[in-house]
Amino acid sequence: MKIKKIIRNEIEKVAKSLKISINPVFSVEIPKNVDHGDFSSNVALVSAKENKQKPMDLAELIVAKFKRNKNFSTVTVAKPGFINFTISRTLYVSVIKEILQAGEEYAKSDYGQGSKILIEFVSANPTGPLNIVSARAAAYGDTLYRVMSYLGYAPSREFYMNDAGNQVEILAESIELRFREILGERIGEMPDEAYHGEYIIELASRINTIEGSRILHMNEIERLEKIKDFALNEIRIMHEESLSRFGVEFESWISENSIRKTGIIEEVLSYLYEAKVTYEKDEAIWFMATKFDDEKDRVLLKADGLPTYFVPDIAYHTTKYDRGYNVIIDVLGPDHHGYIQRLIAALKALNYDETKMEFIFLQQVNLFNEGEKIKMSKRLGKIVTMDELVDEVGKDAARFFFIDRKPASHLNFDMELAKKQSSENPVFYCQYAHARICSILEKAKALPFDTIEIDYSILKKLNKQDEFQLIKKLQEFEEILINVAEQREPHRLTDYLKELSGMFHKYYHDFNILNKRTKDTTLARLYLVTAIRNILKIGFELIGVSAPEKMSKKE
RNA sequence: GCGCCAGUAGCUCAGCAGGAUAGAGCAACAGCCUUCUAAGCUGUGGGUCAGGGGUUCGAAUCCCUUCUGGCGUGCCA
């Protein structure tokens, strides 16, 4: 990041002195082909037209001005009009110095300028244990949160509990059935629409132990109400615990039920009514969503007089606005994309700035074990829960795997691979790089010279191509983080960590780091390797994966 | 039918908001341990970027279109 910025600035300075006007869309990038230097820019190509010059000529003019610049060892013009830069050793060395000086705070910044960002994610229905899609959402949202915090945004994590409506009634009924079963009643087959999972029986038996005698004599309505409250509370605690084990905490838990009680729903409805965007048809109240680019109008109040899920959700979203967020991110499951258009329509009708909303859809997760796809059925209660997954493969592997794919892609989760302790498993591979460095640093303590006091002038001993490449990779870190935050794509971070780890493993293999006969080189390499370790460690922290100093081998 | 997302190596996926010869891992094959962890490293083969048009100096990337897959399209949430 820093080097790119330096190059940008230099180019702009040069252009100014040459009185060339520059198209600001020009880029500075790391070319794929190493023959094209360390960095390259297309300034001349994109600015040729407005200067009425050929790209090549323009490039030559600019390059001439770079002749005596200490930061670059060579600056050349190539084919259609690219300018290629090779970085000088001084500039490289300054990167390591910066990383070492910043320590565990490296790349931390105020880039986000305190922009208030709400990230709503997981928001699973409180009708059962968290499943794998929730786990993916948890890893995703939390990583986004961590990176944004690191970069000086002011993000906040929120969990919306749909603890009202039909499904919750069914939950209560399901438990009530099981409850009666425990008391010896013959209930026959559970109805299709009921929840079938083991946990329903557990909840029933728990409420029997705690409240059994009391609810036994209640009338059915009271009893269902009691069971509902009990179950919702239990399940919320269950969710919190699962998430907490996964390293995810939420700043706020918002209950749909409590939103329904505030009167905000009535406000929303009366506002829509006054705005004359509602009408009555078939005994229901409809919202003219088509007026605001939705495909069809939507029901607000059902014929039975009860609001649809839509209404409290609008109300909920207005609270997000009222809480003053600059950006409101909803992380949603794959089955919700038909829904957002109507939500946006409603927000427009209520005069909220819908451009603040951002929707991210995480695609589904398929679990594989030994090459076999694990079949799940929510209806039959046959699902692999988040807890089971974490028990099976561990938090580190689970978080890494979930993040390691861009959100819109389906994710095939290979449980066998996640458990492997070899280079095939990317989590292991990266953690091992970190551990390896730690073990080198440990060994370095036995060297017959001081390795604690850092003498940065020694860094000029780094002169191998592999070392420059590593440094170049290190300085990309800052930019990667910014990309993660801005594009909402955490997978770029795991990608980066894999690459950096790979480069280190190779370096380790090809070069001896500890050598007491070449003190300066040894020290310089130790500094380099320390810088790598720092970045790995920061990266792991940001994705919520541990940075082990030793790998303990399991048999 | 309509809408959203996807289609890149045998498999799993990247490709940085248009850049130079499309990359990585796995799998396959061939190698590397008296050495700081071989829990690792190196090499080889492998592609009509789903197809077809267009935009321009330049397209996997942007636009149009066709095909294929997933999901959505309830007075469910």
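The sequence lines fix the lettering, A, B, ..., with proteins before strands; numbering per chain opens at 1.
- Spacing between B:C62 and B:G46 at atom P, rounded to whole Å, works out to 29 Å.
- Nucleic acid contact class of A:F511 (heavy atoms, under 4.0 Å, all strands): base.
- In this structure A:D404 satisfies the side chain to side chain contact (heavy atoms under 4.5 Å, CB included) test together with A:F400, A:T494, A:D495, A:K498, sequence neighbours excluded.
- Applying the side chain to side chain contact (heavy atoms under 4.5 Å, CB included) test between A:N162 and each of A:T127, A:V168, A:N125, A:N257 identifies A:N125 as the sole match.
- With sequence neighbours left out, A:D520 forms a salt bridge (charged side-chain N to carboxylate O under 4.0 Å, His left out) with no residue at all.
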Going 5' to 3' through nucleotides 25-35 of chain B and flagging B where a protein heavy-atom sits under 4.0 Å of the base, S where only the sugar-phosphate is that close, and - otherwise, we get -SS--------
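- Using a 5.5 Å limit on the distance between ring centres and a 30° limit on the angle between planes, the aromatic ring of A:F82 counts as stacked on the six-membered base ring of B:A20.
- Among the protein residues, A:I30 comes within range of the nucleic acid bases, having at least one heavy atom under 4.0 Å from a base atom.
- Nucleic acid contact for A:A78: base, since at least one base atom lies under 4.0 Å from a heavy atom of the residue.
- Under the side chain to side chain contact (heavy atoms under 4.5 Å, CB included) criterion, A:K472 pairs with A:I30, A:D38, A:F39, A:Y92, A:Q469, A:Q475, not counting sequence neighbours.
- Using a 4.0 Å heavy-atom criterion, one finds that A:V46 contacts the bases of the nucleic acid, with or without backbone contacts as well.
- Listed by residue number, A:R405, A:K406, A:A408, A:S409, A:H410, A:N412 are the residues of residues 396-412 of chain A with a heavy-atom contact under 4.0 Å to RNA chain B.
- At a threshold of 4.0 angstrom between heavy atoms, the contacts of A:E499 with the nucleic acid are absent.
- Comparing the C1' positions of B:U56 and B:U61 gives a spacing of 14 Å, expressed to the nearest Å.
- Of the candidate nucleotides B:A39, B:U73, B:G72, B:A39 has the atom nearest to the side chain of A:Q421.
- Legend: residues meeting ring-ring contact (aromatic ring centres under 6.0 Å, His included) with A:Y140, ordered by chain and number and at least two apart, are absent.
- Residues from residues 301-317 of chain A with heavy atoms under 4.0 angstrom of RNA chain B, sorted by number: A:K302, A:A303, A:T308, A:Y309.
- The same atom, C1', is picked in B:A27 and in B:G69; the two are 24 Å apart, to the nearest Å.
- A distance of about 8 Å separates the C1' atoms of B:G15 and B:A22, rounded to the whole Å.
- Contacts of A:D297 with the nucleic acid, taken as non-hydrogen atoms under 4.0 Å apart, are absent.
- Comparing B:C41, B:A14, B:G19 by their nearest atom to the side chain of A:D510 picks out B:C41.
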Enumerate all atom pairs, one protein N or O and one N or O from nucleotides 60-62 of chain B, separated by less than 3.5 Å.
none

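- Shown here are the side chain to side chain contact (heavy atoms under 4.5 Å, CB included) partners of A:S40, two or more places apart in sequence or in another chain: A:P31, A:N84.
- The A:E489 side chain lies nearest to B:G15 when the options are B:A20, B:G15, B:C75.
- Among residues two or more places apart in sequence or in another chain, the side chain to side chain contact (heavy atoms under 4.5 Å, CB included) test is passed with A:Y339 by A:Y309, A:F310, A:D313, A:R342, A:L343.
- When the salt bridge (charged side-chain N to carboxylate O under 4.0 Å, His left out) test is applied to A:E50, no partner is found at least two apart in sequence or on another chain.
- Put simply, A:Y429 has a side-chain N or O that comes within less than 4.0 Å of OP1 or OP2 on B:C41.
- Of the listed nucleotides (B:C76, B:U21, B:A17), B:A17 has the atom at the smallest distance from the side chain of A:Q487.
- For A:E29, the side-chain atoms get nearest to B:G19 when compared with the rest of B:A39, B:G19, B:C75.
- Residues A:N483 and A:E489 have side chains that never bring a donor and an acceptor to within less than 3.5 angstrom of each other.
- Here the side chain of A:K49 is nearest to one of B:G72, B:C57, B:U42, namely B:C57.
- When distances run from any side-chain atom of A:H505 to the nucleotides B:A14, B:C41, B:G19, the shortest one goes to B:C41.
- Comparing B:U21, B:G70, B:G19 by their nearest atom to the side chain of A:D35 picks out B:U21.
- Checking B:G74, B:G72, B:U21 against the side-chain heavy atoms of A:H337 singles out B:G72 as nearest.
- Distance CG (A:N33) to C1' (B:A22): 13 Å, rounded to an integer number of Å.
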Sequence neighbours left out, cut at 3.5 Å: what donor-acceptor pairs do the side chains of residues 279-293 of chain A make with other protein atoms?
{"residue": "A:Y279", "atom": "OH", "partner": "A:D297", "partner atom": "OD2", "Å": "2.7"}
{"residue": "A:W286", "atom": "NE1", "partner": "A:K281", "partner atom": "O", "Å": "3.2"}
{"residue": "A:T290", "atom": "OG1", "partner": "A:D297", "partner atom": "OD1", "Å": "2.6"}
{"residue": "A:D293", "atom": "OD2", "partner": "A:K348", "partner atom": "NZ", "Å": "3.1"}

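- Under the Watson-Crick or G-U wobble criterion, with both distances below 3.5 Å, B:G1 is paired with B:U73.
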